[in-house]
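Below is one structure, written out as structure tokens; the observations come after it.
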Amino acid sequence: MKFRTDGLIIREQNIGENDRLVWVLTRSNGVVKAFARGAKKLTNAKCSATSLLAYSRLTIYKSRESYIIGDAQTLRIFSKLRHDVRKMCLVQYFCEIARHICPREQPADEFLRLFLNSIYLLSENKRSELLVKPCFEMRFMCMAGYTPDLLMCRKCGAYSASAMYFLPREGKLECCNCRKSPNGAVLLNDAALTALRHTVYAEDKQLFSFALSDESLQILNRATELYLRCQLERDFQALNFYKTIS
């Protein structure tokens with residue numbers, strides 16, 4: 001079986017002297033783990049096309065037990081990110097998320113489009129890391145079926161209050177009248193609450209179109225990060241490293 005698709009390389013591993021094993025977030029087949037023979041040779045077209053964060057057009061052969069990349073054409077390489085250690089760590093965190101929750105053997109056009117938009121904004125300095133990160137985290141989770149309920153307080157139904165708490169384990173809100181202490185919840189100010197709702201309910205083309213103070217961005221990032229960790233019940237090595245150099 002053979003298919004042709006566009007995809008972003010989200011992990012690479014050297015195999016022997018000349019070959020690579022790569023994980024590709026493809027448009028048509030989700031995350032694919034494939035061998036790229038001869039990809040470490042500089043004279044091979046697959047060398048750049050199968051490198052980390054290369055967006056490429058690939059011909060992939062599927063056997064009973066493995067995928068093999070045949071032809072590979074580079075469409076774009078986000079090379080600017082490689083000169084910024086902090087941004088590169090953040091994007092590798094995105095790669096970890098994608099490998100964990102993106103579909104296999106199913107179309108993943110929405111996931112790929114969001115990933116490409118996110119790293120484009122980072123690469124071209126069009127949005128800050130603290131804005132791109134929570135948008136990516138929450139929208140990726142929603143697309144994977146982990147949509148929180150942020151419409152109202154889960155107990156009294158209030159849409160807003162002088163303060164609202166976000167419960168990352170439950171994926172719900174409680175107002176300050178119903179919840180008297182944090183106990184694992186994230187206290188949201190009005191701006192952070194509006195932004196959190198935006199990351200979930202905004203149209204795709206408006207996802208990154210908002211601004212927050214640094215304080216509110218920090219609150220938003222804490223809420224989305226905790227939500228992702230609680231729902232997936234795992235830690236992310238790249239995120240831990242990113243936070244040590246931020």
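One-based numbering along the sequence shown.
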**Listed partners of Pro107 passing side-chain contact (heavy atoms from CB on, under 4.5 Å), at least two apart** = none

**Complete:** Applying salt bridge (charged side-chain N to carboxylate O under 4.0 Å, His left out) to Lys80 and not counting sequence neighbours gives Glu124

**Message:** Donor-acceptor check, side chain of His198 to backbone of Gln206, threshold 3.5 angstrom: yes or no?
**Reply:** yes

**Message:** Looking at every non-hydrogen atom in both residues, tell me the closest pair between Leu220 and Ala192 and how far apart they are.
**Reply:** CD1-O, 4.2 Å

**Item:** Side-chain heavy-atom pair Tyr159, Leu193 within 4.5 angstrom cut-off
**Value:** no

**Prompt:** Can you tell if the side chain of Leu207 reaches within under 4.5 Å of the side chain of Asp204, non-hydrogen atoms only?
**Reply:** no

**Request:** Under the side-chain contact (heavy atoms from CB on, under 4.5 Å) rule, collect the residues that match up with Ser79, sequence neighbours excluded.
**Result:** Ile77

**Request:** Applying ring-ring contact (aromatic ring centres under 6.0 Å, His included), name anything that partners Phe208, two or more places apart in sequence or on another chain.
**Result:** none

**Request:** For Gly70 and Lys46, work out which heavy atoms get closest and say how close.
**Result:** O-CD, 3.2 Å

**Message:** What I'd like to find out is whether the side chain of Lys133 reaches to under 4.5 Å of the side chain of Leu239, using heavy atoms alone.
**Reply:** yes

**Distance-only side-chain donor-acceptor flag, Ser216 / Asn189, under 3.5 Å** = yes

**Asked** So do Pro148 and Met141 actually touch side chain to side chain, heavy atoms under 4.5 Å?
**Response** no

**Asked** Which heavy-atom pair separates Arg104 from Val31 by the least distance, and what is that distance?
**Response** CG-O, 3.5 Å

**Message:** On a heavy-atom basis, which atom in Ala108 and which in Pro103 lie closest, and how many Å separate them?
**Reply:** CB-CG, 4.0 Å

**Item:** Closest non-hydrogen atom pair, Cys89 against Phe241
**Value:** SG-CD2, 3.1 Å

**Contacts of Tyr61 that satisfy side-chain contact (heavy atoms from CB on, under 4.5 Å) - sequence neighbours left out** = Lys2, Thr59

**Test side-chain contact (heavy atoms from CB on, under 4.5 Å) applied to Ala45 - qualifying residues, sequence neighbours left out** = none

**Prompt:** Among all residues two or more places apart in sequence or in another chain, which pass the ring-ring contact (aromatic ring centres under 6.0 Å, His included) test with Phe94?
**Reply:** Phe136

**Prompt:** Got Ser118 and Leu122 here, is their nearest side-chain heavy-atom distance under 4.5 Å?
**Reply:** no

**Asked** Do you know which two heavy atoms are closest between Leu150 and Arg197, and how far apart they sit?
**Response** O-NE, 2.7 Å

**Message:** Using side-chain heavy atoms (C-beta onward) and a distance below 4.5 Å, is Val91 in contact with Ser123?
**Reply:** no

**Message:** With a 4.5 Å cut-off on side-chain heavy-atom distances among I, L, V, M, F, W and Y, is there a chain of contacts connecting Leu116 to Leu58?
**Reply:** no

**Any residue meeting salt bridge (charged side-chain N to carboxylate O under 4.0 Å, His left out) with Asp235, in chain and number order, not counting sequence neighbours** = Arg229

Check residues 165-174 and write down every donor-acceptor pair under 3.5 Å in which the side-chain atom is one partner and the other belongs to a residue at least two apart or another chain.
{"from": "Glu174", "atom 1": "OE1", "to": "Arg179", "atom 2": "NH1", "distance (Å)": "3.3"}
{"from": "Glu174", "atom 1": "OE2", "to": "Arg154", "atom 2": "NE", "distance (Å)": "2.6"}
{"from": "Glu174", "atom 1": "OE2", "to": "Arg154", "atom 2": "NH2", "distance (Å)": "2.8"}

**Message:** My understanding is that only residues two or more places apart in sequence, or in another chain, count here; which of them pass ring-ring contact (aromatic ring centres under 6.0 Å, His included) with Tyr120?
**Reply:** none

**Item:** More than 12 heavy atoms of other groups within 6.0 Å of Glu110 CD
**Value:** no

**Message:** Using side-chain heavy atoms (C-beta onward) and a distance below 4.5 Å, is Pro134 in contact with Arg222?
**Reply:** no

**Asked** Got Thr194 and Phe210 here, is their nearest side-chain heavy-atom distance under 4.5 Å?
**Response** no

Taking only distance into account, with no hydrogens and no angle test, what donor-acceptor pairs under 3.5 Å do side-chain atoms of residues 7-27 form with protein atoms, sequence neighbours excluded?
{"from": "Glu12", "atom 1": "OE1", "to": "Arg20", "atom 2": "NE", "distance (Å)": "3.2"}
{"from": "Asp19", "atom 1": "OD1", "to": "Gly38", "atom 2": "N", "distance (Å)": "2.7"}
{"from": "Arg20", "atom 1": "NH1", "to": "Cys47", "atom 2": "O", "distance (Å)": "2.7"}
{"from": "Arg20", "atom 1": "NH1", "to": "Thr50", "atom 2": "OG1", "distance (Å)": "2.9"}
{"from": "Thr26", "atom 1": "OG1", "to": "Asn29", "atom 2": "N", "distance (Å)": "3.0"}
{"from": "Thr26", "atom 1": "OG1", "to": "Gly30", "atom 2": "N", "distance (Å)": "3.1"}
{"from": "Thr26", "atom 1": "OG1", "to": "Gly30", "atom 2": "O", "distance (Å)": "2.7"}
{"from": "Arg27", "atom 1": "NH1", "to": "Asp109", "atom 2": "OD1", "distance (Å)": "2.4"}
{"from": "Arg27", "atom 1": "NH2", "to": "Tyr55", "atom 2": "OH", "distance (Å)": "2.5"}

**Complete:** Sorted by chain and residue number, the salt bridge (charged side-chain N to carboxylate O under 4.0 Å, His left out) partners of Arg234 (sequence neighbours excluded) come out as Glu96

